[in-house]
> 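Take a look at this one; I'll ask things after.
Quick note: residue numbers are just sequence positions, from 1. Keep in mind that what you see is a predicted model, and the values were worked out from it rather than measured.
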Amino acid sequence: MDKIKLYLKYRKKPYLLYTALFITGFIIVIFIFGPPKYYVVPILSMIIAYGLLEYVEYKRWKKDKY
């Protein structure tokens, strides 16, 4: 559990930046294409994709640091 806490400390600023970019991008896409019929599918797919990328980054960080 300590490794996860260290990793979250290491990635704190990028989390805030990516969250802000995600919300901004989502609002811009809604303005361009109009609101989607169902919000669950695009939000869930972006969360899953971001989670996969974070998992890969965590594995790489853990291999480099430990």
> Check the hydrophobic clustering (I, L, V, M, F, W, Y; side-chain heavy atoms under 4.5 Å; chains of links allowed) and say if Ile30 and Ile23 are grouped together.
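Result: yes, single cluster for both.
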> Quick check: is Val40 connected to Ile48 through a chain of hydrophobic side chains (ILVMFWY, heavy atoms under 4.5 Å apart)?
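No, Ile48 does not connect to Val40 through the hydrophobic network.
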> Should Trp61 and Leu52 be regarded as members of a common hydrophobic cluster, given that ILVMFWY residues are connected when their side-chain heavy atoms come within less than 4.5 Å of each other, either directly or indirectly?
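Trp61 and Leu52: separate clusters.
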> Check whether Val56 and Leu53 end up in the same hydrophobic cluster, where Ile, Leu, Val, Met, Phe, Trp and Tyr are linked by side-chain heavy atoms less than 4.5 Å apart.
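As far as the 4.5 Å side-chain criterion goes, Leu53 and Val56 are not connected within one cluster.
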